[in-house]
Amino acid sequence: MNREIKLIAIDMDGTLLNEEKKISKRNIDTIKAVLNQKIHVVLCTGRPYSHAIEYAKALELTSYMVTANGAVLLNDQGQVISKHLVDSEHIKLMSEMSLQSGSSYWALSTEELFRDNIPEHYQQLEWLKFGFIPKSKHSTEQIKNQLQAHGLFEITNTLPTNIEVNALGINKAFALNKICKELEIDMSQVMTIGNALNDLVMIKEAGLGIAVANAQEIVKEAADFITASNQECGVAVAIEKWILKTI
(Lines give C-alpha, C1' and ligand atoms only; values in the text may rest on other atoms or scores of the structure.)
Protein backbone atom coordinates (compact mmCIF):
# COMPACT_ATOMS: atom_id res chain seq x y z
CA MET A 1 0.00 0.00 0.00
CA ASN A 2 1.52 3.23 -1.14
CA ARG A 3 0.24 5.94 1.14
CA GLU A 4 1.71 8.36 3.64
CA ILE A 5 0.53 7.60 7.16
CA LYS A 6 0.34 10.72 9.33
CA LEU A 7 -1.54 9.33 12.32
CA ILE A 8 -1.58 5.95 14.08
CA ALA A 9 -4.60 5.15 16.26
CA ILE A 10 -4.03 2.28 18.69
CA ASP A 11 -6.48 0.36 20.84
CA MET A 12 -5.21 -0.53 24.31
CA ASP A 13 -6.67 -3.69 25.89
CA GLY A 14 -5.96 -6.76 23.80
CA THR A 15 -3.89 -4.71 21.34
CA LEU A 16 -1.21 -2.42 22.78
CA LEU A 17 -1.30 -4.01 26.23
CA ASN A 18 -0.25 -7.59 26.89
CA GLU A 19 -2.23 -9.91 29.14
CA GLU A 20 -0.46 -8.39 32.17
CA LYS A 21 -1.89 -5.00 31.11
CA LYS A 22 1.59 -3.70 30.36
CA ILE A 23 3.23 -2.16 27.28
CA SER A 24 6.24 -4.13 26.08
CA LYS A 25 9.58 -2.38 25.64
CA ARG A 26 9.46 -3.15 21.92
CA ASN A 27 6.08 -1.45 21.59
CA ILE A 28 7.32 1.56 23.56
CA ASP A 29 10.52 1.90 21.55
CA THR A 30 8.69 1.54 18.23
CA ILE A 31 6.07 4.13 19.11
CA LYS A 32 8.77 6.58 20.19
CA ALA A 33 10.51 5.99 16.86
CA VAL A 34 7.44 7.09 14.89
CA LEU A 35 6.90 10.05 17.19
CA ASN A 36 10.40 11.15 16.18
CA GLN A 37 9.16 11.11 12.59
CA LYS A 38 6.43 13.60 13.58
CA ILE A 39 3.66 11.03 13.11
CA HIS A 40 0.76 11.49 15.50
CA VAL A 41 0.01 8.56 17.83
CA VAL A 42 -3.44 8.47 19.42
CA LEU A 43 -4.66 5.99 22.02
CA CYS A 44 -8.23 4.92 21.21
CA THR A 45 -9.68 3.02 24.14
CA GLY A 46 -12.88 1.92 25.76
CA ARG A 47 -11.37 2.98 29.06
CA PRO A 48 -12.11 6.29 30.75
CA TYR A 49 -9.36 8.90 30.71
CA SER A 50 -8.37 8.19 34.32
CA HIS A 51 -7.59 4.56 33.42
CA ALA A 52 -5.63 5.42 30.27
CA ILE A 53 -3.54 8.49 31.05
CA GLU A 54 -0.73 6.57 32.79
CA TYR A 55 -0.11 4.63 29.57
CA ALA A 56 -0.07 7.82 27.49
CA LYS A 57 2.52 9.25 29.87
CA ALA A 58 4.63 6.08 29.66
CA LEU A 59 4.69 6.52 25.87
CA GLU A 60 5.39 10.25 26.20
CA LEU A 61 2.38 11.02 24.03
CA THR A 62 1.39 14.65 23.56
CA SER A 63 -1.59 14.24 21.30
CA TYR A 64 -5.30 13.64 21.36
CA MET A 65 -6.83 10.76 23.29
CA VAL A 66 -10.04 8.90 22.43
CA THR A 67 -11.69 7.38 25.51
CA ALA A 68 -14.90 5.53 26.40
CA ASN A 69 -15.16 4.19 22.82
CA GLY A 70 -15.25 7.71 21.39
CA ALA A 71 -17.66 9.23 23.90
CA VAL A 72 -14.94 11.55 25.18
CA LEU A 73 -12.22 13.14 23.06
CA LEU A 74 -9.42 15.01 24.81
CA ASN A 75 -6.70 17.30 23.50
CA ASP A 76 -2.98 17.19 24.29
CA GLN A 77 -3.61 19.10 27.54
CA GLY A 78 -6.08 16.51 28.78
CA GLN A 79 -8.98 18.91 28.21
CA VAL A 80 -12.29 17.51 26.98
CA ILE A 81 -13.07 18.85 23.52
CA SER A 82 -15.93 16.50 22.65
CA LYS A 83 -18.35 14.58 24.86
CA HIS A 84 -21.34 12.48 23.77
CA LEU A 85 -23.55 11.04 26.48
CA VAL A 86 -25.98 8.17 26.82
CA ASP A 87 -29.38 9.42 27.97
CA SER A 88 -29.92 8.68 31.67
CA GLU A 89 -33.28 7.02 30.93
CA HIS A 90 -31.52 4.70 28.49
CA ILE A 91 -29.11 3.75 31.28
CA LYS A 92 -32.08 2.91 33.48
CA LEU A 93 -33.67 0.94 30.64
CA MET A 94 -30.52 -1.12 30.09
CA SER A 95 -30.07 -1.82 33.79
CA GLU A 96 -33.61 -3.23 33.81
CA MET A 97 -32.89 -5.28 30.68
CA SER A 98 -29.82 -6.68 32.38
CA LEU A 99 -31.70 -7.67 35.51
CA GLN A 100 -34.44 -9.31 33.45
CA SER A 101 -31.87 -11.39 31.57
CA GLY A 102 -29.96 -12.36 34.72
CA SER A 103 -26.82 -10.60 33.44
CA SER A 104 -24.32 -8.59 35.39
CA TYR A 105 -23.74 -5.04 34.22
CA TRP A 106 -21.72 -1.89 34.74
CA ALA A 107 -22.40 1.73 33.87
CA LEU A 108 -19.76 4.41 33.41
CA SER A 109 -20.52 8.02 34.25
CA THR A 110 -18.11 10.91 33.92
CA GLU A 111 -17.48 10.57 37.65
CA GLU A 112 -17.69 6.90 38.57
CA LEU A 113 -18.08 3.28 37.45
CA PHE A 114 -21.15 1.57 38.90
CA ARG A 115 -21.45 -2.23 39.00
CA ASP A 116 -24.86 -3.94 39.18
CA ASN A 117 -26.29 -0.80 40.70
CA ILE A 118 -27.70 2.43 39.33
CA PRO A 119 -27.83 5.18 41.97
CA GLU A 120 -31.09 6.91 42.83
CA HIS A 121 -29.71 10.20 41.48
CA TYR A 122 -28.92 8.59 38.09
CA GLN A 123 -30.76 11.35 36.22
CA GLN A 124 -28.31 13.93 37.56
CA LEU A 125 -25.23 12.11 36.24
CA GLU A 126 -23.54 12.27 32.83
CA TRP A 127 -23.35 8.74 31.39
CA LEU A 128 -20.70 7.67 28.89
CA LYS A 129 -21.43 4.01 28.26
CA PHE A 130 -23.06 0.86 29.56
CA GLY A 131 -21.80 -2.72 29.65
CA PHE A 132 -23.59 -6.06 29.84
CA ILE A 133 -21.90 -9.25 31.02
CA PRO A 134 -24.40 -11.90 29.83
CA LYS A 135 -24.53 -15.31 31.45
CA SER A 136 -24.48 -17.23 28.14
CA LYS A 137 -24.02 -16.90 24.39
CA HIS A 138 -27.80 -17.21 23.97
CA SER A 139 -28.36 -14.40 26.46
CA THR A 140 -25.81 -12.27 24.60
CA GLU A 141 -27.75 -12.63 21.35
CA GLN A 142 -31.07 -11.90 23.07
CA ILE A 143 -29.75 -8.69 24.61
CA LYS A 144 -28.19 -7.58 21.31
CA ASN A 145 -31.51 -8.15 19.53
CA GLN A 146 -33.37 -6.13 22.16
CA LEU A 147 -30.90 -3.27 21.90
CA GLN A 148 -31.01 -3.26 18.10
CA ALA A 149 -34.81 -3.19 18.15
CA HIS A 150 -34.72 0.10 20.07
CA GLY A 151 -32.51 1.69 17.38
CA LEU A 152 -30.99 4.04 19.95
CA PHE A 153 -27.59 2.55 20.61
CA GLU A 154 -24.09 1.94 19.26
CA ILE A 155 -23.48 -1.72 20.13
CA THR A 156 -19.98 -3.18 20.33
CA ASN A 157 -17.82 -5.26 22.66
CA THR A 158 -14.31 -5.57 24.01
CA LEU A 159 -14.61 -9.35 24.44
CA PRO A 160 -16.92 -11.88 22.75
CA THR A 161 -18.47 -12.41 26.20
CA ASN A 162 -19.62 -8.83 26.80
CA ILE A 163 -21.66 -6.06 25.18
CA GLU A 164 -20.75 -2.38 25.28
CA VAL A 165 -23.23 0.37 24.50
CA ASN A 166 -22.66 4.00 23.59
CA ALA A 167 -24.97 6.65 22.21
CA LEU A 168 -25.97 5.89 18.62
CA GLY A 169 -23.25 6.86 16.13
CA ILE A 170 -20.58 7.31 18.79
CA ASN A 171 -17.53 5.13 18.20
CA LYS A 172 -13.76 5.41 17.84
CA ALA A 173 -14.00 6.26 14.15
CA PHE A 174 -16.37 9.14 14.93
CA ALA A 175 -13.75 10.63 17.27
CA LEU A 176 -10.90 9.97 14.83
CA ASN A 177 -12.73 11.84 12.09
CA LYS A 178 -12.91 14.84 14.43
CA ILE A 179 -9.17 14.58 15.08
CA CYS A 180 -8.44 14.40 11.37
CA LYS A 181 -10.41 17.59 10.76
CA GLU A 182 -8.47 19.34 13.55
CA LEU A 183 -5.14 18.20 12.10
CA GLU A 184 -6.22 18.73 8.47
CA ILE A 185 -5.46 15.17 7.44
CA ASP A 186 -7.60 12.54 5.77
CA MET A 187 -8.72 9.19 7.18
CA SER A 188 -6.84 7.62 4.27
CA GLN A 189 -3.67 8.81 6.04
CA VAL A 190 -4.60 7.03 9.26
CA MET A 191 -3.42 3.61 10.38
CA THR A 192 -5.55 1.89 13.03
CA ILE A 193 -4.74 -1.18 15.13
CA GLY A 194 -7.31 -3.10 17.17
CA ASN A 195 -8.83 -6.39 18.24
CA ALA A 196 -12.51 -6.09 19.17
CA LEU A 197 -15.88 -4.90 17.87
CA ASN A 198 -15.31 -1.45 19.34
CA ASP A 199 -12.37 -1.18 16.90
CA LEU A 200 -14.24 -2.45 13.84
CA VAL A 201 -15.46 0.85 12.39
CA MET A 202 -12.11 2.60 12.78
CA ILE A 203 -10.38 -0.34 11.11
CA LYS A 204 -12.84 -0.18 8.21
CA GLU A 205 -12.62 3.60 7.77
CA ALA A 206 -8.85 4.00 8.07
CA GLY A 207 -6.53 4.04 5.11
CA LEU A 208 -4.71 1.11 6.70
CA GLY A 209 -6.72 -0.99 9.15
CA ILE A 210 -4.78 -3.60 11.10
CA ALA A 211 -5.97 -6.38 13.39
CA VAL A 212 -3.79 -8.16 15.92
CA ALA A 213 -3.64 -11.95 15.60
CA ASN A 214 -5.78 -12.40 18.73
CA ALA A 215 -8.56 -10.18 17.31
CA GLN A 216 -12.12 -11.38 16.90
CA GLU A 217 -12.73 -12.98 13.51
CA ILE A 218 -15.03 -10.24 12.24
CA VAL A 219 -12.29 -7.69 12.94
CA LYS A 220 -9.62 -9.74 11.17
CA GLU A 221 -11.89 -10.13 8.15
CA ALA A 222 -12.28 -6.34 7.90
CA ALA A 223 -8.57 -5.59 8.30
CA ASP A 224 -6.08 -4.85 5.54
CA PHE A 225 -3.36 -6.69 7.44
CA ILE A 226 -3.13 -9.05 10.41
CA THR A 227 -0.15 -8.43 12.65
CA ALA A 228 1.24 -10.47 15.54
CA SER A 229 -0.80 -10.87 18.73
CA ASN A 230 -0.81 -8.47 21.66
CA GLN A 231 1.45 -10.94 23.47
CA GLU A 232 3.93 -10.83 20.58
CA CYS A 233 4.23 -7.02 20.24
CA GLY A 234 1.75 -6.86 17.36
CA VAL A 235 1.65 -3.05 17.47
CA ALA A 236 5.42 -2.84 17.05
CA VAL A 237 5.40 -5.44 14.26
CA ALA A 238 2.76 -3.47 12.32
CA ILE A 239 4.59 -0.17 12.72
CA GLU A 240 7.95 -1.70 11.80
CA LYS A 241 6.44 -3.21 8.66
CA TRP A 242 4.31 -0.35 7.37
CA ILE A 243 5.94 2.80 8.77
CA LEU A 244 9.55 2.20 9.73
CA LYS A 245 10.06 -0.42 6.96
CA THR A 246 12.51 -2.34 9.13
CA ILE A 247 10.92 -5.78 8.65
Side-chain angles (χ1 to χ4, degrees), residues 7-31 41-59 61 65-72 104-106 108 113 128-134 137 140 144 154-166 170-176 190-206 208-242:
L7 185 151
I8 305 172
I10 309 171
D11 170 57
M12 288 177 54
D13 293 281
T15 302
L16 176 66
L17 307 184
N18 60 24
E19 297 308 310
E20 292 74 46
K21 302 299 181 185
K22 294 181 178 178
I23 310 175
S24 70
K25 184 178 184 302
R26 184 177 176 186
N27 279 349
I28 291 172
D29 290 346
T30 306
I31 287 170
V41 176
V42 175
L43 294 183
C44 291
T45 180
R47 295 182 181 216
Y49 176 76
S50 59
H51 293 183
I53 184 58
E54 64 179 285
Y55 295 99
K57 287 179 177 177
L59 293 166
L61 298 183
M65 187 183 298
V66 176
T67 66
N69 289 342
V72 180
S104 296
Y105 69 88
W106 50 261
L108 179 67
L113 178 68
L128 298 176
K129 64 174 187 168
F130 188 94
F132 294 86
I133 309 172
K137 189 172 181 180
T140 300
K144 278 185 182 177
E154 190 81 6
I155 306 162
T156 63
N157 70 20
T158 52
L159 295 166
T161 52
N162 72 16
I163 301 169
E164 293 204 355
V165 183
N166 286 80
I170 303 307
N171 52 52
K172 294 179 182 183
F174 173 84
L176 280 174
V190 175
M191 170 176 158
T192 56
I193 314 174
N195 75 305
L197 281 189
N198 64 344
D199 303 311
L200 183 61
V201 181
M202 76 170 186
I203 283 174
K204 285 182 173 179
E205 291 192 12
L208 180 56
I210 294 177
V212 285
N214 54 291
Q216 294 173 39
E217 283 304 314
I218 190 171
V219 179
K220 288 196 276 191
E221 288 169 7
D224 298 305
F225 176 71
I226 299 172
T227 186
S229 74
N230 66 319
Q231 287 291 85
E232 300 167 316
C233 305
V235 167
V237 171
I239 292 171
E240 288 164 5
K241 176 177 175 61
W242 294 102

_Is there a side-chain contact between Q216 and L200 in this structure, where contact means two heavy atoms from C-beta onward sitting under 4.5 Å apart?_
no
Between T67 and P48, is there a side-chain heavy-atom distance shorter than 4.5 Å?
no
Tightest non-hydrogen contact, residues A236 and N27, listed as N-OD1, 3.0 Å
The side chain to side chain donor-acceptor pair (under 3.5 Å) partner of K172 among T45, D11, T192 is D11
When rounded to the nearest 0.5 Å, the distance separating NZ of K204 from CG of D224 is 12.0 Å
Check whether any side-chain heavy atom of N166 sits under 4.5 Å from a side-chain heavy atom of N171, and report yes or no. no
Heavy atoms of A68 and L108 approach each other most closely as CB-CD2, 4.4 Å
| message | Counting C-beta onward and ignoring hydrogens, is there a side-chain heavy-atom pair between M191 and I239 closer than 4.5 Å? | response | yes
Would you say that T30 contacts V235 through its side chain, given a criterion of any heavy-atom pair below 4.5 Å between the two side chains?
no
d(I193 CD1, I10 CD1) to nearest 0.5 Å is 5.0 Å
task: For the residue pair Y105 and F130, categorise the inter-ring angle as parallel (less than 30°), tilted (30 to 60°) or perpendicular (more than 60°).
output: parallel
| request: With the side chain counted from C-beta on, respond yes when R47 and D13 share a heavy-atom pair under 4.5 Å apart, and no when they do not. | output: yes
task: Would you mind reporting whether T140 and I163 have side-chain heavy atoms less than 4.5 Å apart?
output: yes
Note: K21 and Y55 closest approach over all heavy atoms is O-OH, 2.8 Å
Between K129 and G46 the two heavy atoms that sit nearest each other are NZ-O, 2.7 Å
>> I'd like to know whether CD1 of I218 has more than 12 heavy-atom contacts from other residues, nucleotides or ligands below 6.0 angstrom.
In response: no
CE of M12 to CG of N195, rounded to nearest 0.5 Å, is 12.0 Å
Those residues at least two apart in sequence (or on a different chain) that pass ring pair (Phe, Tyr, Trp, His ring centres under 6.0 Å) with F174 are H84
Contact between V72 and Y49 at the side-chain level, heavy atoms closer than 4.5 Å - yes or no? no
Here the gap from E205 atom CD to I203 atom CD1, rounded to the nearest 0.5 Å, amounts to 11.5 Å
Heavy atoms of A196 and N157 approach each other most closely as CB-O, 3.5 Å
_Side-chain donor/acceptor of Q231 to backbone N/O of E19, under 3.5 Å_ = yes
Salt bridge (Lys or Arg N to Asp or Glu O under 4.0 Å) filter on K57, not counting sequence neighbours, yields none
To the nearest 0.5 Å, atom CD1 of I226 lies from atom CD of E221 at 9.0 Å
Intermediate values then yes/no, side chain to side chain donor-acceptor pair (under 3.5 Å), N198 and T158
CA-CA 6 Å; N198 64 344; T158 52; 5.8 Å; no
Closest non-hydrogen atoms of V237 and R26, given as atom of the first, atom of the second and distance, are CG2-NH2, 3.6 Å
Look at the side chain of N162 and the backbone N and O of I133, then say whether any donor-acceptor pair between them is shorter than 3.5 Å. no
Sorted by chain and residue number, the side chain to side chain contact (heavy atoms under 4.5 Å, CB included) partners of L59 (sequence neighbours excluded) come out as L16, I23, I28, I31, L43, L61
* Asked: Just by distance, with hydrogens left out, do N69 and E154 show a side-chain donor and acceptor under 3.5 Å apart?
  -> no
